[in-house]
Protein chains: 2
Amino acid sequence: MNAAGVRKRDAERTRQSILEAAQDVFSRHPYAEASLKEITSLAGANAALVSRYFGSKEKLFEAALTASLDPTPLMPASRVEFGERLVAAFIRPVPGRINPLPMLIFATAEARLQAVALKLLRERIVLPLAEWLGGVGAEVQAARIMVIASGFFTYRSLLPLEAMQGDLDENTRAWLVRAFQSAIDAE
Amino acid sequence: MNAAGVRKRDAERTRQSILEAAQDVFSRHPYAEASLKEITSLAGANAALVSRYFGSKEKLFEAALTASLDPTPLMPASRVEFGERLVAAFIRPVPGRINPLPMLIFATAEARLQAVALKLLRERIVLPLAEWLGGVGAEVQAARIMVIASGFFTYRSLLPLEAMQGDLDENTRAWLVRAFQSAIDAE
DNA sequence: CTCATAAGTAAATTGGAATTTACTTATTGG
DNA sequence: CCAATAAGTAAATTCCAATTTACTTATGAG
């Protein structure tokens, strides 16, 4: 290593930068359009290293989705403010934090990715959320949350309907808050 | 033509059978996994004819999506039963009728398809539905319907969460009905 | 210092589907 | 019946990203 303690070659660091670039690219582009070339050039690495460190594009996607779910996102502060918090998080995402929803939705576009995504969705989102919610029917409530969140995300970002853009009109914002809230209020 | 009036060759009939096969295959498989070979062999036609009759796979997808939106689907009978009707239609789809939602969601997987899908979504679903709903904010209400419908479809069919399978538990069914209904009740 | 090995690279290969081409066969008006 | 043309086909071509290969360069233990 040189004076600054920075190695020119560092497998772990390279692997990590590919993983981070993958999270970025896979959450901005549909899977088929997210090329390894784009990911590795963003990471400043050689495309052949994907194979060495992750095995394949699919495995890299899986690793990126997993990483974006760690730590478990979406964990709300209180039950009464649940809807408010969720809507606020959608409308002003925390900068730098990777939102796992795009990757989840994009995973819909390949059968093998669907299987991986479903597994992670259950283990890393639905079950933890259900545990936090507690009580009978908590898993069902968590699934309802996903229904609203994904539907909203789809028309906010992927097929951008005007009604779902920007800060939302006041009524729609209120409707969305109630939709999230009703998902956990009703058993 | 022969005695039964059936031509061995009939461009219009061939084009139509490719289009119908495309609707079927594109609504069951993600775009990338729906091969022209599968579509044309289902249609009993040669793969090269896609190019002649539709120009390209993308154009065929566009034609298939358009056809699945004709006549305008989802048109509910009455405003009060709106949610009930919609949920019933999801849980027991009319056999043989092509549901446009899968293609709409799969179109999410390629930037060029997104543009086509968004255009058709507005013209063929959102605006007609808004016109039927009437009043100020009708277009926004129609967009909210899409949010619920797509989210539900995603976790019912693409990333099948147990909570959204089969006939739904009674509470979830009631929740879903209210979710649709509240989309058009609240301004 | 040196050499065994880990890390990284450029270029070749693969693979699979879409698209094009060159061709064959059916249809139909005259 | 006979062109002329429309319809259909098989096989060749193209395209392009993922993956593999054969190689170069850096690292660090002894």
Side-chain angles (χ1 to χ4, degrees), chain A residues 1-22 25-26 28-65 106-107 109-113 116, chain B residues 1-22 25-26 28-65 106-107 109-113 116:
Chain A
M1 68 182 75
N2 65 22
V6 179
R7 280 181 187 76
K8 242 192 239 160
R9 292 181 172 188
D10 182 331
E12 188 46 43
R13 187 159 295 181
T14 301
R15 199 195 114 98
Q16 195 56 32
S17 69
I18 291 173
L19 184 59
E20 280 164 22
V25 173
F26 280 138
R28 287 187 295 103
H29 302 294
Y31 183 75
E33 290 173 357
S35 73
L36 296 183
K37 210 168 169 214
E38 180 179 1
I39 290 170
T40 50
S41 85
L42 182 62
N46 186 289
L49 296 176
V50 168
S51 158
R52 180 172 306 167
Y53 294 135
F54 297 93
S56 67
K57 185 183 181 182
E58 275 180 13
K59 297 259 194 62
L60 175 60
F61 182 89
E62 181 175 356
L65 179 54
F106 290 143
E110 308 241 335
R112 285 194 50 195
L113 299 182
V116 166
Chain B
M1 67 183 75
N2 65 21
V6 178
R7 282 181 187 74
K8 243 192 241 162
R9 293 182 172 185
D10 183 332
E12 188 46 44
R13 188 159 294 179
T14 301
R15 198 195 114 100
Q16 196 57 31
S17 69
I18 291 173
L19 184 60
E20 280 164 20
V25 174
F26 280 138
R28 287 186 295 103
H29 302 294
Y31 183 74
E33 290 173 357
S35 73
L36 295 183
K37 212 170 169 209
E38 180 180 0
I39 290 169
T40 50
S41 84
L42 181 62
N46 186 289
L49 296 176
V50 168
S51 158
R52 180 172 306 166
Y53 294 136
F54 298 93
S56 67
K57 184 183 182 182
E58 275 181 13
K59 297 260 194 65
L60 175 60
F61 182 89
E62 181 175 356
L65 179 54
F106 290 144
E110 308 241 336
R112 285 194 49 194
L113 300 182
V116 165

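None of the values given here were measured: they were computed from a predicted structure. Computation of the quantities below employed the complete heavy-atom set of this structure, encompassing side-chain atoms and omitting hydrogens, waters and symmetry-equivalent molecules. Each chain gets a letter, A, B and so on, in the order the sequences are listed, and its residues count up from 1.
- Regarding Gln16(A), its CD atom lies at a distance of 18 Å from the C1' atom of dG8(C), rounded to whole Å.
- Residues meeting the salt bridge (Lys or Arg N to Asp or Glu O under 4.0 Å) test with Arg9(A), sequence neighbours left out: none.
- Residues meeting the salt bridge (Lys or Arg N to Asp or Glu O under 4.0 Å) test with Glu33(B), sequence neighbours left out: none.
- When the ring-ring contact (aromatic ring centres under 6.0 Å, His included) test is applied to Tyr31(A), the partners found at least two apart in sequence or on another chain are Phe26(A), Phe61(A).
- For dG8(D), one of the phosphate oxygens OP1 or OP2 lies less than 4.0 angstrom from a side-chain nitrogen or oxygen of Thr14(B).
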Protein heavy-atom contacts under 4.0 Å, written 5' to 3' over nucleotides 18-25 of chain D as B (base), S (sugar-phosphate only) or - (none), form the string SSB----B
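- Arg112(B) meets the salt bridge (Lys or Arg N to Asp or Glu O under 4.0 Å) test with Glu58(B); sequence neighbours excluded.
- A close approach under 4.0 Å does not occur between any side-chain nitrogen or oxygen of Tyr53(B) and OP1 or OP2 of dA7(D).
- The distance from atom CD of Glu12(A) to atom C1' of dA6(C) is 14 Å, rounded to the nearest whole Å.
- In this structure, CD of Glu38(B) is placed 15 Å from C1' of dA18(C), rounded to the nearest angstrom.
- With sequence neighbours excluded, the residues forming a side chain to side chain contact (heavy atoms under 4.5 Å, CB included) with Ser17(A) are Ala43(A), listed by chain and number.
- The two residues Leu113(B) and Ala107(B) make their nearest non-hydrogen contact at CB-O, 3.4 Å.
- Using a 4.0 Å heavy-atom distance criterion, Phe54(A) is classed as making no nucleic acid contact.
- Distance CG (Leu60(B)) to C1' (dT19(C)): 14 Å, rounded to an integer number of Å.
- Taking atom CD on Glu33(B) and atom P on dG16(C), their separation rounds to 14 Å, with Å as the unit.
- Spacing between atom CZ of Arg13(B) and atom P of dG8(D) amounts to 11 Å, rounded to whole angstrom units.
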